[in-house]
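Side-chain atoms are counted along with the backbone in the values below, which use heavy atoms only and exclude waters and symmetry mates. FYI, the numbering just counts along the sequence from 1. Fair warning: this is a prediction, and the values are worked out from it, not measured in the lab.
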Amino acid sequence: MTDAGASEFLWYIPNEVRPGHRGDAPAVDHNSLDTLTSHAQALEDNGWKGALLGTGWGRPDTFTVATALAARTTRFEPLIAIRPGYWRPANFASAAATLDHLSGGRVRINVVSGADNLAAYGDSEGDQAHRYGRTREFMRLVRRLWTGEDVTFAGEHFGVAKSTVVPRPVTRGERRHPRLYFGGASDAAERVAATEADVQLFWGEPLDGIAERIDRLRHLSRALDRDLPPLQFGLRITTLVRDTSAEAWRDAEARVEEMAKAQGQWHDNARKLAVGQQRLFALQERGEVLDENLYTAPGKFGGGGAGTTWLVGSAEDVARSLQKYRELGVTQFVLSDTPYLAEIRRQGTQLLPLLRGEGLGGPILIPEQSEV
């Protein structure tokens, strides 16, 4: 694992069949290998560690996309979103270990337990206790398969006998296997994070909400006798950065006006809402702008997930806000804005240098990217 005092910054690569995701410029080749590779290579060239690839039935398979991008890059680290019901633990552990081996240790995993069209790929979902119980078993077993030999496990949901994964994931320093990211705000989800995750990902809540959740998860880790290294924390949020604060707010408000005209186009909030998403939508009741520059208005007009709240401002404004999250204990940041490729470059050249430097209450340390 990376030193918990160091921060890492990743981006988001849209993994969508339809063009124009969240206001991105629509193009017929938006999900071609060449286009996606251009994003991954731009991330390498502009100081980013890697990018999250979203998952869901009806979207390109995340593992296949990640494998293709890893083959075309040298430092890019895909954060691959996967679902326990889509994969069997041993199959997944083997696939991820193989890609980690072939890429020189560049794989990261985001385990997702939220809503999906499960029946379309032959899965079924019980109640919340069943769903998160299965996720907990999946994460525990995958980690054992990555680090042990002749693994025998008989759980409520999964089992293997004398299973050894080859090749092994890359070990480097304290890194023994790909890092497991996890999200979720319900009590059941937080118990999984407290015991099994390497990184708990939060959506863009105000500072007081993040502070409360970090404190609760740390106490929960101790109460549940966590037997892993300390849980780390991450933030997944939209960052709208412009040359000046006035320009950023003008563009943010204009974009929300356009969203209002096309309300419901993406249907991001049409499904039954998870607890974390409910928390985000509830922020609108506290005001349109919280913590100086956390913009809640996008959530009124279909912005779901990371598109529900935005950090808006100049690079200096947004860097100061991210530093405040860092001071709470957040070390993993997954940022994005559209158009995705242009913003990789803008924020890579305007925002990331500030986060490496002095003058914002101390530097946020971004480890140098090692060659593989």
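Here the side chain of Arg131 pairs a donor or acceptor atom with the backbone of Ser113 at under 3.5 angstrom. Between the side chain of Asn15 and the main chain of Gly54, a donor-acceptor pair closer than 3.5 Å is present. The backbone N or O of Ser314 lies less than 3.5 Å from no partner atom in the side chain of Arg242, so there is not a single donor-acceptor pair. No donor-acceptor distance shorter than 3.5 angstrom exists from the side chain of Arg218 to the backbone of Asp215, with no hydrogens or angles considered. Ser245 places no side-chain N or O within 3.5 Å of a backbone atom of Gly313 that could act as its donor or acceptor partner. Proximity of a side-chain donor or acceptor of Arg236 to a complementary backbone N or O of Phe333 within less than 3.5 Å is not detected. With Asn110 contributing its side chain and Leu79 its backbone, the two residues share no donor-acceptor pair below 3.5 Å. Side chain of Gln347 to backbone of Thr239: a donor-acceptor contact under 3.5 angstrom is found. Proximity of a side-chain donor or acceptor of Asp100 to a complementary backbone N or O of Val107 within less than 3.5 Å is detected. Looking only at distances, no side-chain donor or acceptor of Thr55 sits under 3.5 Å from a matching main-chain atom of Ile82.
Residue-environment remark: CG (Asp45) exceeds the threshold of 12 foreign heavy atoms within 6.0 Å. Annotation: Arg134, atom CZ; neighbour count of heavy atoms from other residues, nucleotides and ligands within 6.0 Å is above 12. At most 12 non-hydrogen atoms from other residues, nucleotides or ligands lie less than 6.0 angstrom from CD of Glu292.
Residues Leu53 and Tyr12 form no side-chain contact, since every pair of their non-hydrogen atoms from C-beta on lies 4.5 Å or further apart. The shortest side-chain heavy-atom distance between Val256 and Trp310 falls under the 4.5 Å cut-off. Counting heavy atoms from C-beta outward, Ile237 and Leu294 have side chains that approach closer than 4.5 Å. Side-chain contact between Ser221 and Thr195: absent, with no pair of heavy atoms (C-beta onward) separated by less than 4.5 Å. Counting heavy atoms from C-beta on, the side chains of Val289 and Thr296 never come closer than 4.5 Å. Pro169 places a side-chain heavy atom less than 4.5 Å from the side chain of Pro178. Using a 4.5 Å heavy-atom cutoff, the side chains of Lys49 and Arg75 are not in contact. Inter-residue side-chain proximity for Pro84 and Val111 is flagged as met; some heavy-atom pair is nearer than 4.5 Å.
Minimum heavy-atom separation, Leu341 to Ala42: CD1-CB, 3.7 Å. Nearest heavy-atom pair across Thr238 and Gly307 is OG1-CA, 3.9 Å.
The pair Arg255-Asp337 meets the salt-bridge criterion, with a side-chain N (NZ, NE, NH1 or NH2) lying under 4.0 Å from an Asp/Glu carboxylate O. Between Asp34 and Arg72 a salt bridge is recorded (basic side-chain N to carboxylate O distance below 4.0 Å). Using a 4.0 Å cut-off between charged side-chain N and carboxylate O, Glu247 and Arg250 make no salt bridge. A salt bridge between Glu196 and Arg191 is absent, with no side-chain N of the basic residue lying under 4.0 Å from a carboxylate O of the acidic one. By the 4.0 Å N-to-carboxylate-O rule, Asp198 lies too far from Arg176 to be salt-bridged with it. By the 4.0 Å N-to-carboxylate-O rule, Asp227 lies close enough to Arg140 to be salt-bridged with it. A salt bridge links Arg108 with Glu8: the distance from a Lys NZ or Arg NE/NH1/NH2 to an Asp or Glu carboxylate oxygen falls below 4.0 Å.
Gln232 and Arg179 form no side-chain donor-acceptor contact under 3.5 Å, judged by distance and modelled atom types alone. Between Glu149 and Thr164, the side chains place no donor N or O within less than 3.5 Å of an acceptor N or O (distance only, hydrogens not considered). For the 3.5 Å distance criterion, the side chains of Thr35 and Ser32 qualify, holding a donor opposite an acceptor.
Note that the CG atom of Leu69 and the CD atom of Gln41 stand 9.0 Å from one another [nearest 0.5 Å]. Between Glu257 atom CD and Phe301 atom CZ the span is 9.5 Å, to the nearest 0.5 Å. We find the CD1-CE distance between Ile109 and Met139 to be 10.5 Å, quoted to the nearest 0.5 Å. Rounded to the nearest 0.5 Å, atoms CZ (Arg213) and CD1 (Ile210) are 6.5 Å apart. Interatomic distance, CD of Gln200 versus CG of Leu217, reported as 5.5 Å (0.5 Å rounding). One distance of note links CZ of Phe138 with CZ of Arg83; it measures 12.0 Å at 0.5 Å rounding.
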- Message: Before you tell me yes or no, could you show the steps for Leu335 and Leu351 under side-chain contact (heavy atoms from CB on, under 4.5 Å), namely the whole-Å CA-CA distance, both residues' side-chain angles and the distance that decides it to 0.1 Å?
- Response: CA-CA 11 Å; Leu335 312 179; Leu351 179 62; 4.0 Å; yes
- Message: With salt bridge (Lys or Arg N to Asp or Glu O under 4.0 Å) as the criterion, how do Arg320 and Glu316 come out once you've worked through the C-alpha distance, each side chain's angles and the decisive distance to 0.1 Å?
- Response: CA-CA 6 Å; Arg320 260 191 301 272; Glu316 292 80 5; over 6 Å; no
- Chi angles and distances behind the side-chain contact (heavy atoms from CB on, under 4.5 Å) call for Val65, Ile80: CA-CA 9 Å; Val65 172; Ile80 310 169; over 6 Å; no
- Can you check salt bridge (Lys or Arg N to Asp or Glu O under 4.0 Å) on Arg88 and Glu137, steps first, answer last? CA-CA 11 Å; Arg88 301 289 297 178; Glu137 264 190 30; over 6 Å; no
- Item | Test log, rule side-chain contact (heavy atoms from CB on, under 4.5 Å), inputs His101 and Arg168 | CA-CA 7 Å; His101 165 75; Arg168 311 298 283 176; over 6 Å; no
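Between Phe233 and Tyr325, the distance separating the two ring centers is not shorter than 6.0 angstrom. In this structure, Tyr295 has its ring center closer than 6.0 angstrom to the ring center of Trp249. Taking the six-membered ring for Trp and the full ring otherwise, Phe63 and Trp87 have centroids separated by under 6.0 Å.
One hydrophobic cluster, built from ILVMFWY side chains closer than 4.5 Å, holds both Leu207 and Ile214. When hydrophobic clusters are built by joining Ile, Leu, Val, Met, Phe, Trp and Tyr residues whose side-chain heavy atoms come closer than 4.5 Å, directly or via intermediates, Leu99 is not grouped with Val112. No continuous path of hydrophobic side-chain contacts links Val142 to Leu228 [ILVMFWY only; heavy atoms under 4.5 Å]. Residues Leu145 and Tyr86 share a single hydrophobic cluster, defined by chaining ILVMFWY side chains whose heavy atoms lie under 4.5 Å apart. Cluster membership for Phe92 and Leu102, using ILVMFWY side-chain heavy atoms within less than 4.5 angstrom, is not shared.
Residue Leu224 belongs to a hydrophobic cluster whose other members are Leu220, with links defined by side-chain heavy atoms closer than 4.5 Å.
The only member of Asn46, Leu52, Leu43, Val334 that meets side-chain contact (heavy atoms from CB on, under 4.5 Å) when paired with Trp11 is Leu43.
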